[in-house]
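Labels below follow one simple rule: chain letters A, B, ... track the order of the sequence lines, proteins then strands, and each chain is numbered from 1.
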There are 2 protein chains.
Amino acid sequence: MELAAAKLKFIETWGKLGSEWGINRTMAQVHALLLISHEALTTEEIMETLSISRGNANMNLRDLIGWGLVEKQHKAGERKEYFFADKDVWNIARQVAKERKKRELEPVLKVLAELSTVKGDEKDPDFKTFNKSVTDINKLANNVDKTLETMLKAEENWFWGSVLKVFK
Amino acid sequence: MELAAAKLKFIETWGKLGSEWGINRTMAQVHALLLISHEALTTEEIMETLSISRGNANMNLRDLIGWGLVEKQHKAGERKEYFFADKDVWNIARQVAKERKKRELEPVLKVLAELSTVKGDEKDPDFKTFNKSVTDINKLANNVDKTLETMLKAEENWFWGSVLKVFK
DNA sequence: TTAAACTTTCAAAAATTATTGAAAATATAT
DNA sequence: ATATATTTTCAATAATTTTTGAAAGTTTAA
């Protein structure tokens, strides 16, 4: 495959994966484009490459900055802004994990903790089932949360080196 | 909080979480409803409780069965079908991991493997960046894949017991 | 059989989410 | 200050996804 075709394929694949996981397809595509660009790009270049509008490019770039995946750069003597993506895949994974934990997991954890305290008739099979499911999900969610917490604190080479051994 | 209110809150929260992670909100709500029901429910009961149409209920129930999270049951002397959800949270987690791995991760792995083989000019910084990002993401995706594979084979009490120790 | 009970399908409608593009806002140079 | 370059906003529009509901299909009982 030619490099040009491969780049398009990568952008398309990354966008599709994003949309399957609840991330705006265009945001994932912009991220993909920046990931394979050795230099920072302008909004114009992104708009053109992905055939998207200025507003769309701007919004998704801001979101990517909000996710900690992209940063603005300025070039000396130039007025326009350039955008550059961190290429360290471990940083990216950590950043995504951190944000999703904060945005989506933690609010759920709060609700589950509250629902775990609901009292009811221990003889009522409906209460018992509710209680067991909520309690178990709460435990699992807390495990996931703590595991992510540990991951966020972990060293980079922990991940690349020892995940598999650890699980065997 | 009253049990009835708690049930609604659970269904709502589960639905929201699902939609944030690319899973149809109604499907997640049907699953939530079945998770907290001690007995199997009919399509009618699900339609009524969640205020959804017959077609919608039917489709999402079929999808849940396709995800391996719900099964049909028949009661002696009754003609209609009943639906029942596995309440074992570890099974649920495994099942979801298994399906998403198959549906979403594996196709991406294939593309990444292909893109990793693209040849180019080692002097071209654009090629170098493409190659590094794709190669690194490919490695990470393979690590995730193998980790999930291990998780799928693992014993139930491995999860509940030792995840945290393992990560420390 | 045939009719009633029940399930599935799917085109159309509704709801949701994403995108556009032009106007407003902001920043910079002269 | 004023003009120019650039970024941001956001109401309107478009695209996508979900839901509806009635018709078609299937199963079972008599």
- Item | Geometric cation-pi criterion, B:K87 with B:F84: 6.0 Å, 45° |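 Judged by the rule (NZ or CZ under 6.0 Å from the ring centre, within 45° of its axis), B:K87 counts as positioned above B:F84.
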Strictly below 4.0 Å: does [X] bring a side-chain N or O up to OP1 or OP2 of [N]?
X     : N      : result
B:N58 : C:dT7  : no
A:T26 : C:dT19 : yes
B:N24 : D:dT19 : yes

Check this for me: does any side-chain nitrogen of one of [X] and [Y] sit under 4.0 Å from a carboxylate oxygen of the other?
X      : Y      : answer
A:E106 : A:K110 : no
A:E149 : A:K101 : yes
A:K128 : A:E122 : no

Starting at [atom1] of [X] and ending at [atom2] of [N], how long is that distance when rounded to a whole Å?
X     : N      : atom1 : atom2 : value
A:L61 : D:dT7  : CG    : P     : 10 Å
B:H74 : D:dT26 : NE2   : P     : 16 Å
B:N56 : D:dG21 : CG    : P     : 11 Å
A:I52 : D:dA15 : CD1   : C1'   : 15 Å
A:K16 : D:dT16 : NZ    : P     : 15 Å
B:Q29 : D:dT19 : CD    : C1'   : 13 Å
B:M59 : C:dT8  : CE    : C1'   : 9 Å
A:M47 : D:dT8  : CE    : C1'   : 13 Å

- 5′-ward residue of the pair A:E78/A:M27 relative to DNA chain C: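 Final value for this comparison: A:M27.
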With the side chain of [X] defined as its heavy atoms from C-beta on, choose the nearest nucleotide among [options].
X     : options               : answer
A:K72 : C:dT19, D:dT8, D:dT19 : D:dT8
A:R62 : D:dT7, C:dT19, D:dT8  : D:dT8
A:E81 : D:dT7, C:dT8, D:dT20  : D:dT7

- Message: Over 60° means perpendicular and under 30° means parallel, so tell me whether B:W14 and B:H31 are parallel, tilted or perpendicular.
- Response: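 If you compare the ring of B:W14 with that of B:H31, the planes turn out tilted.
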- Using a 4.0 Å heavy-atom cut-off across all strands, classify B:S51 as base, sugar-phosphate, or nothing.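 Sugar-phosphate, no base atom in range.
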- Which part of the nucleic acid, if any, lies within contact of B:R54, taking any heavy atom under 4.0 Å across all strands shown: a base, the sugar-phosphate backbone alone, or nothing?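 Answer is base: heavy atoms of B:R54 come under 4.0 Å of a base.
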- Query: Can you find a donor-acceptor N/O pair under 3.5 angstrom joining the side chain of B:R79 to the base of C:dA4?
  - Reply: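 A donor-acceptor contact between them is present.
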